[in-house]
Structures are given as C-alpha cells and as structure tokens.
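As a basis for the values below, the full set of heavy atoms in this structure was taken, side chains included, without hydrogen atoms, waters or symmetry mates. For reference, positions follow the sequence shown, starting with 1.
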Amino acid sequence: MSDVSDQIASRLTFVVVAQAIAWLLLVFILFVTIAPIRLRPRTITHVNLDRSLAFAAMAFFFVLGYSQSPVLITISCIVGAGLSELLQLLSPSRHARLPDAMAKSVGAAAGALAAIVTLSTAA
C-alpha cells in the first residue's frame, strides 16, 4: 500500500513542478515579449531559434502539467504564441511580425508534441 501512495505522491509532485515551470516560463516570455527591446536577454543563437525554444519549453511543461487535456493545451499554446506577438504592439520599441509569430507557434507545437510523446511512452 505504501508503494501506491508513494507513486501517487511522486506523480503529484511531478505535476505540480511541471505546472510551476510552465507558468514561470509563460511569465518570463510575456515579460520579454512586451518589455523594451533593451531588456531582452542576449543569447548566442538566432533570435527565431530563441523564440521557438522558449515556446517549445513552455508548451512542453504545460502539456506535462495539464496532461488531462493535451489537445486543448497544445491549441492554447499555439494560439497564445500568436497572441504574444500581438502584445508587442503595446510597447513602442517593439513590433509584431508574422514570421516571429510563426517561429513561436512552431516551437509551441513541437514542445507540445514532445510532451505528448513523452506521456504516451511513460504510461
């Protein structure tokens, strides 16, 4: 009986951690998206790769954390990626561009798909 309760506790901890990471990534992404361009972190990769990887990680953890609705979470992350690009219209030093939204959406779709595959192989 203890093994079952340990497994439940472990699964619950995993879900809570995945949810926390997902929400933290979302907050970070939104900050970076609407903050003045000078506050955007500098990286060594191409900016579209950064966008894709950020949304892939966020979607991955959202699907892991809310695995009861992976399709809805995937769609939400893809739509949210496009909407995040529109948020840049709120900042005078930023601009919304379709290629940027596409990079974010592709990243979100890839991250969600990776999480769905991970969940299906772990079951």
Side-chain angles (χ1 to χ4, degrees):
M1 187 67 161
S2 178
D3 287 340
V4 172
S5 62
D6 287 345
Q7 288 176 349
I8 292 171
S10 177
R11 171 75 178 137
L12 184 58
T13 300
F14 173 81
V15 168
V16 169
V17 168
Q19 290 172 347
I21 292 170
W23 286 105
L24 287 170
L25 285 170
L26 176 61
V27 168
F28 176 74
I29 287 169
L30 290 176
F31 171 76
V32 170
T33 298
I34 61 174
I37 194 76
R38 70 182 185 279
L39 296 178
R40 187 174 74 198
R42 300 279 181 222
T43 64
I44 60 171
T45 64
H46 187 273
V47 69
N48 276 338
L49 180 59
D50 291 345
R51 290 178 180 116
S52 294
L53 291 175
F55 276 86
M58 182 195 68
F60 181 82
F61 284 106
F62 266 117
V63 170
L64 290 182
Y66 298 94
S67 60
Q68 66 277 13
S69 304
V71 173
L72 178 61
I73 297 298
T74 300
I75 292 168
S76 297
C77 288
I78 292 169
V79 170
L83 292 175
S84 77
E85 191 64 22
L86 290 176
L87 282 175
Q88 290 189 3
L89 297 174
L90 299 174
S91 178
S93 68
R94 305 302 292 267
H95 55 275
R97 295 184 26 198
L98 183 59
D100 297 349
M102 294 301 297
K104 293 174 179 181
S105 296
V106 167
L113 179 61
I116 290 168
V117 169
T118 299
L119 289 169
S120 69
T121 58

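- The two residues Ile116 and Thr74 have their closest heavy-atom pair at CD1-OG1, 3.8 Å.
- In this structure, Ala22 and Met58 approach most closely via the heavy-atom pair O-CG, 3.9 Å.
- Minimum interatomic distance between Ala59 and Ala108 (heavy atoms only, all atoms of both residues): CB-O, 3.2 Å.
- Under the 4.5 Å side-chain contact rule for hydrophobic residues, Leu119 and Ile21 share a cluster.
- In terms of hydrophobic clustering, with Ile, Leu, Val, Met, Phe, Trp and Tyr side chains grouped at heavy-atom distances under 4.5 Å, Leu86 and Ile75 are assigned to a common cluster.
- Connection of Leu30 to Phe55 is established within a shared hydrophobic cluster, with ILVMFWY side chains joined at heavy-atom distances below 4.5 Å, either directly or through further cluster members.
- Hydrophobic clustering keeps Ile29 apart from Leu49 (ILVMFWY residues linked when any side-chain heavy atoms are closer than 4.5 Å, directly or through intermediates).
- In terms of heavy-atom proximity, Glu85 sits nearest to His95 at OE2-O, 3.4 Å.
- Residues Ser105 and Gly82 approach most closely at OG-N, 4.0 Å, considering heavy atoms.
- Val63 and Ile78 are assigned to two separate hydrophobic clusters, defined by single-linkage of ILVMFWY side chains at heavy-atom distances under 4.5 Å.
- A side-chain hydrogen bond (donor to acceptor under 3.5 Å, both in side chains) check over residues 18-35, counting only residues at least two apart or in different chains, returns the pairs Trp23-Tyr66.
- Residue pairs that meet the side-chain hydrogen bond (donor to acceptor under 3.5 Å, both in side chains) test with at least one member in residues 51-64, sequence neighbours left out, are Asn48-Arg51, Arg51-Asp100.
- Contacts of Leu72 classified as side chain to side chain contact (heavy atoms under 4.5 Å, CB included), with partners at least two apart in sequence or in another chain: Ser69, Ser76.
- Of all the heavy atoms in Gly65 and Val15, the pair that sits closest is O-CG1, 3.4 Å.
- Within the 4.5 Å cutoff, side-chain heavy atoms of Phe14 are placed close to those of Leu64.
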